[in-house]
There are 2 protein chains.
Amino acid sequence: MTAQKKSPTIYDVAKKSGVSISTISRVLNDPDKVNPETHKRVMDAIDQLGFIPRADARARALQNTDRIGVLTPFFTAPSFVQRLRGVASALSKANYELVIYPVDSMDHLQGYISSIPLMRNIDGLIIMSLSMGDQDALRLSKSGMETVLIEYSHPQLNSILIDDMNGGRLVAEHLIKKGYRSFAFLGDIEPPERFAIHPIKSRLTGYKQALQDAGFSLAKTYIRSAPYTAMETRQAARELIGLSKPPAAIFAASDMQAMSVMKVAREMGKRIPDDLALVGFDDIDVAEHVDLTTIRQHLDESGRLAAEILLSRIGESERPLQHINLPLKLIERLTT
Amino acid sequence: MTAQKKSPTIYDVAKKSGVSISTISRVLNDPDKVNPETHKRVMDAIDQLGFIPRADARARALQNTDRIGVLTPFFTAPSFVQRLRGVASALSKANYELVIYPVDSMDHLQGYISSIPLMRNIDGLIIMSLSMGDQDALRLSKSGMETVLIEYSHPQLNSILIDDMNGGRLVAEHLIKKGYRSFAFLGDIEPPERFAIHPIKSRLTGYKQALQDAGFSLAKTYIRSAPYTAMETRQAARELIGLSKPPAAIFAASDMQAMSVMKVAREMGKRIPDDLALVGFDDIDVAEHVDLTTIRQHLDESGRLAAEILLSRIGESERPLQHINLPLKLIERLTT
DNA sequence: GTCATTGTTGAAAGTGCTTTCAGTTTAGCA
DNA sequence: TGCTAAACTGAAAGCACTTTCAACAATGAC
């Protein structure tokens with residue numbers, strides 16, 4: 001059987017080097033305050049024993065954990081992954097660990113929000129694309145847990161938002177400028193998941209308004225609500241493209257859904273952009289691979305920013321709250 | 001200023017309900033052993049105070065943490081994300097937290113491997129696509145930290161492998177069966193990252209062997225080594241497709257690289273699969289969106305499996321090690 | 001030679017919970 | 001009514017550290 005010997009504690013080191021545990025702790029955390037000779041003796045003992053302080057004990061005494069949590073739905077969807085990438089890159093520089101709490105349901109979210117701040121096993125919290133009641137927000141704020149919201153805002157908490165409505169406008173303006181004259185929308189307008197926030201409606205609103213402002217209209221038949229799943233998006237796309245008078249351009253509310261439209265168009269023998277123009281939203285990595293025109297919402301950046309805000313506030317919590325609005329940008333590729 | 005009142009401890013509850021802290025603890029952990037009346041009184045106090053036991057203190061006393069760590073390179077690359085998805089789904093059922101340690105360098109990896117088992121702030125460890133020396137593996141094994149390796153194996157640790165060589169064979173056999181007669185390979189054969197493992201060579205070997213077995217050959221000019229980045233992959237693809245005698249079929253060693261090839265083919269006016277057949281590897285989510293023929297390596301499943309093995313071994317560590325070989329399957333879509 | 005100062009160290013308290021052990025109360029039975 | 005067993009509860013130890021506080025020694029100033 002393998003040894004399974006438990007790792008040495010600070011007491012073992014103390015015994016071995018003939019000093020008290022306080023001194024060991026000091027060697028580790030405040031080396032200047034200890035005599036060079038003692039220091040060396042302790043270090044030798046540490047090396048010989050292969051001692052490493054236990055993170056949890058340390059965290060307990062220190063009252064901080066060097067760990068930050070991310071509360072997120074759909075954490076493997078590309079757009080969320082890209083935000084996580086931003087978060088991770090900021091955190092790993094600062095030597096923080098990343099704990100992910102996947103949220104699958106309303107209960108889940110409630111459970112996390114009510115227990116996380118009090119369990120105190122993280123130093124800060126990033127909440128992505130999740131809505132919450134006033135009460136929850138207040139609880140978080142009062143609990144002293146540093147929190148940054150992404151894609152949602154509350155006066156008591158830091159937040160990073162994007163202007164979805166404007167994103168819709170940008171799409172409309174671009175399509176008009178490119179000469180298209182009939183427009184459709186396809187997106188997850190009324191999603192079943194009540195726990196996640198859904199900016200899709202705003203994108204549609206901005207799109208519709210901008211079209212109207214320019215004298216165009218968005219017919220009811222050209223607005224298709226389809227859940228995020230590939231299957232259902234494709235069905236909606238098929239219907240849209242199969243209309244006797246199909247639209248000249250489709251705005252898909254997310255890049256993944258735009259890719260479903262591309263697939264359907266291919267199946268139905270429609271060329272993009274000649275027979276059908278297509279714009280997505282998000283600018284996830286693959287968008288560039290498939291040459292999809294889309295709205296870039298700086299996903300990486302939003303994650304990085306959230307992490308940086310958090311880190312800057314941890315340990316210096318009296319700084320004013322930040323409410324950031326990230327700009328959107330239309331990236332023109334080959335589908336329009 | 002917001003209250004910042006610290007959360008109530010078990011002591012507060014004890015005082016409020018007029019019993020000792022032991023009883024509170026018992027109410028929480030072993031309710032049967034406490035008088036119903038006392039139980040109710042304690043619960044009332046808990047509710048009134050909004051008490052929640054602090055996870056770290058609990059973990060400390062309990063000597064376990066309900067947290068598992070994943071050591072992974074490129075954690076936002078699609079194939080890794082999909083494995084993480086599998087891990088997360090298995091863990092959330094069991095109420096475990098997921099801690100991600102992104103590995104960016106050899107040093108990083110070394111640091112993690114030597115400190116993680118001793119810090120003991122996780123209960124188990126999944127290591128993805130990272131190679132390690134015998135010494136590290138032994139250290140992990142001896143430390144008693146339950147560990148599962150994915151895409152790498154060591155006799156002392158659990159492992160989940162895929163048969164890359166066979167994957168290469170499957171591709172060759174498929175292409176031959178479909179009637180293609182000249183073959184190329186494009187992949188990250190000699191990657192600069194020494195810390196991550198690289199199964200690409202095996203895929204190439206299997207591919208080459210199967211071709212030779214069938215009486216075909218894989219010319220040197222048809223083998224292109226390109227780093228994983230989109231830019232460089234595209235350059236390699238351009239060269240390959242631009243040859244005076246371009247190959248009829250390309251095997252790209254990963255789906256992402258295959259997508260780069262698709263983009264280049266589109267740019268160069270080549271139709272897939274008529275002018276050029278293409279096979280990827282991994283079967284990431286988007287592969288289906290772009291109708292890419294590929295080798296499915298059950299990414300989700302490998303992650304889920306790893307997590308399940310871990311959970312089953314935690315607390316029951318005398319179970320025999322598991323070495324699992326996941327089967328591969330060719331998924332035919334529209335690029336061949 | 002005495003006193004103050006500085007540098008270095010150890011004892012002990014604190015962190016918030018679980019769990020063992022022993023003591024007290026209650027119930028059951030003769 | 002008295003005794004025993006069962007049920008319940010509290011004190012205290014343990015977990016592995018950090019940190020405060022006080023003690024001690026050494027050094028230098030007067």
Kindly indicate whether the side chain of [X], heavy atoms from C-beta on, has any atom under 4.5 Å from the side chain of [Y].
{"X": "Val99(A)", "Y": "Val70(A)", "answer": "no"}
{"X": "His323(A)", "Y": "Asn158(A)", "answer": "no"}
{"X": "Tyr152(B)", "Y": "Met132(B)", "answer": "yes"}
{"X": "Pro73(A)", "Y": "Leu130(A)", "answer": "yes"}

To the nearest Å, how far apart are [X] [atom1] and [N] [atom2]?
{"X": "Glu37(A)", "N": "dA25(D)", "atom1": "CD", "atom2": "P", "value": "17 Å"}
{"X": "Asn29(B)", "N": "dC17(C)", "atom1": "CG", "atom2": "P", "value": "11 Å"}
{"X": "Leu28(B)", "N": "dC17(C)", "atom1": "CG", "atom2": "C1'", "value": "10 Å"}
{"X": "Lys15(B)", "N": "dG16(C)", "atom1": "NZ", "atom2": "C1'", "value": "14 Å"}
{"X": "Asp12(A)", "N": "dC15(D)", "atom1": "CG", "atom2": "P", "value": "11 Å"}
{"X": "Arg58(A)", "N": "dC15(D)", "atom1": "CZ", "atom2": "C1'", "value": "17 Å"}
{"X": "Leu49(A)", "N": "dA16(D)", "atom1": "CG", "atom2": "P", "value": "14 Å"}
{"X": "Ile10(A)", "N": "dC15(D)", "atom1": "CD1", "atom2": "C1'", "value": "13 Å"}

Side-chain donor-acceptor pair present, Asp136(A), His154(A), cut-off under 3.5 Å: no
Pair Arg58(A), Asn29(A): side-chain N/O donor-acceptor within cut-off below 3.5 Å: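 Present: a donor and an acceptor within the cut-off.
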Arg54(A) side-chain N/O to dA16(D) phosphate OP1/OP2 under 4.0 Å: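 So the side-chain polar atoms of Arg54(A) do come within 4.0 Å of the phosphate oxygens OP1 or OP2 of dA16(D), strictly under.
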Quick one: side chains of residues 40-52 of chain A, donor-acceptor pairs under 3.5 Å with protein atoms, not counting sequence neighbours, listed by atom name and distance.
{"residue": "Lys40(A)", "atom": "NZ", "partner": "Asp44(A)", "partner atom": "OD2", "Å": "2.8"}
{"residue": "Arg41(A)", "atom": "NH1", "partner": "Ser17(A)", "partner atom": "O", "Å": "2.7"}
{"residue": "Gln48(A)", "atom": "OE1", "partner": "Lys16(A)", "partner atom": "NZ", "Å": "3.3"}

Lys/Arg-Asp/Glu bridge criterion (N-O < 4.0 Å) met for Arg319(A), Glu146(A): no
Ion pair check, Glu301(B) and Arg85(B), cut-off under 4.0 Å: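 No salt bridge links Glu301(B) with Arg85(B).
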Rounded (10°) bend between the five-pair end axes of the helix from dG1(C)-dC30(D) to dA30(C)-dT1(D):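 If I round to tens, the end axes sit 50° apart.
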Annotated protein contacts, base or backbone, on nucleotides 5-10 of chain D with a non-hydrogen cut-off under 4.0 Å, one of B, S, - each: ---SBB
Options dC17(C), dT18(C), dT18(D), nucleotide nearest the side-chain atoms of Thr9(B): dC17(C)
